[in-house]
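The structure displayed is predicted, hence computed values, not measured ones.
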Amino acid sequence: MNTVVILDHESKNIEGYRRMLEASREQIDCEFFQYPEKALDYVKSHPTAVLISELAMPVMSGKEVFDMVEMLSPSTVRIAMTQMDSVAETLEIFNQIRIFKLILKPFFLPEDLINPIQQALEYHKELEQEELRIKKMEQERLRLDQLWQQLTDKLEKKKNRYKGIYQVASGIIRGNLNSEMKGLNAQEAGFAAEVCEELLQEFMRYYMFEERDWQFHVRYLQVRFSYPEDGCILQIKNNTGSEAPREILPEIAYGIFLGGYLCQMLFYSYRTLMLVEKEGAVYVLRMFCQHSSGRKSYKITDEGVRNLMINFIREIAKALSFRMASGVKEQKFAVRLYFRKEDGCNECDNYGAL
């Protein structure tokens with residue numbers, strides 16, 4: 001129950017307040033004081049919902065009491081009492097301090113005192129609810145700030161984690177553009193530049209923005225690289241029994257993209273199988289591609305341009321994984337890329353070439 005403190009320096013008035021509130025003592029918990037210092041000590045050490053004080057007191061005025069209470073207990077609702085003959089002076093005080101209500105004495109009916117107290121208690125309840133709402137909003141703001149910081153840290157970590165791969169990829173491309181493209185004509189050089197740009201754009205899509213699950217990557221990659229009506233088939237299978245950890249899932253998906261992109265750019269038709277397997281703590285992406293024979297199977301007729309693009313993708317794939325193995329036989333080629341989480345393992349020295 002919220003406590004109401006009533007302060008009046010005249011004992012007869014205190015007794016009158018007691019009689020008026022006797023019938024309501026189950027609903028209103030009141031403490032009565034004749035001396036301001038004792039009332040202030042009580043407010044200081046006890047939760048007080050409402051303080052009702054006479055304004056005209058000899059030792060400490062009601063205004064001084066209210067000023068002290070505002071410092072000691074800001075949430076306490078303050079009601080001033082005064083005689084009918086001092087209203088003008090009281091109104092001047094009322095404009096100087098924060099008071100909820102002014103009530104005039106003498107009180108003829110219990111309701112003259114009970115009603116203002118009930119209104120003040122209701123107002124105090126509203127203040128408590130508002131304070132609680134503000135507190136919850138502040139807690140929610142802090143939670144959102146923490147979440148934002150976590151997301152920011154996570155994004156920064158992701159940027160730093162793949163910064164090396166990006167630098168390697170862009171360095172390879174810049175190096176090749178400066179050296180190997182010298183012998184290409186304008187059309188061939190433009191094509192090579194477009195390939196470079198698309199590889200880096202796709203890299204950014206995988207690593208720097210939204211996190212996607214395995215099924216999303218599978219759907220995206222199969223739609224992009226599988227055209228059965230044209231003899232272009234890309235199959236993706238996960239043989240691990242579970243989804244790859246989120247830390248390396250973008251790497252595996254981007255590795256599949258590189259293989260699919262190479263087939264799509266090089267060959268008119270192909271059958272490509274991508275298998276994700278697990279060897280100990282290491283995830284392995286196995287790529288198998290079979291394509292038609294002869295020079296007419298290549299979309300890119302210039303061997304130099306083909307080799308340039310293959311070199312781009314091979315070097316990016318090497319930077320993407322911690323180990324790479326590959327082999328070519330007639331109209332088939334196979335690649336293995338090895339991935340591991342950052343905490344890693346040392347199981348990389350015993351893998352042979354395909």
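Using the six-membered ring where Trp is involved, Phe100 and Tyr123 have ring planes that are parallel, under 30° apart on the 30 and 60° scheme.
Distance alone, capped at 3.5 Å, is enough to place a donor-acceptor pair between the His46 side chain and the Tyr42 backbone. Remark: the backbone N or O of Trp214 is paired with a side-chain donor or acceptor of Glu243 at under 3.5 angstrom. Judged by distance alone, the side chain of Arg306 and the main-chain N or O of Thr301 form a donor-acceptor pair under 3.5 Å. In this structure, the side chain of Asp112 engages the main chain of Phe108 through a donor-acceptor pair within 3.5 Å. Using a distance-only test at 3.5 Å, with no hydrogens or angles considered, a donor-acceptor pair links the side chain of Ser61 to the main chain of Glu64. Judged purely by atom type and a 3.5 angstrom limit, Arg78 uses its side chain to pair as donor or acceptor with the backbone of Thr76. Glu10 places no side-chain N or O within 3.5 Å of a backbone atom of Lys12 that could act as its donor or acceptor partner. Without hydrogens or angle criteria, Lys278 side chain to Ser242 main chain gives no donor-acceptor distance under 3.5 Å.
In this structure, Arg340 forms a cation-pi arrangement with Phe322, its terminal cationic atom sitting closer than 6.0 Å to the ring centre and no more than 45° off the ring axis. Relative to the ring axis of Phe257, Arg224 does not place its NZ or CZ within 45° and under 6.0 Å from the centre.
Leu275 is not listed as a side-chain neighbour of Leu285, based on a closest heavy-atom distance of 4.5 Å or more.
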Next on the checklist: Working note: Arg141 + Glu138, criterion salt bridge (charged side-chain N to carboxylate O under 4.0 Å, His left out); need CA distance, chi angles, decisive distance, verdict.
Outcome noted: CA-CA 5 Å; Arg141 185 190 67 79; Glu138 179 63 17; 2.5 Å; yes

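In this structure, the separation between CG on Leu337 and CE on Met287 is 4.5 Å, given to the nearest 0.5 Å.
Remark: aromatic rings of Tyr338 and Tyr283 are distant, center separation not under 6.0 Å. Between Tyr17 and Phe32, a ring centre-to-centre spacing not shorter than 6.0 Å is recorded.
Taking Glu22 as the reference, Arg25 meet the salt bridge (Lys or Arg N to Asp or Glu O under 4.0 Å) condition, with sequence neighbours excluded.
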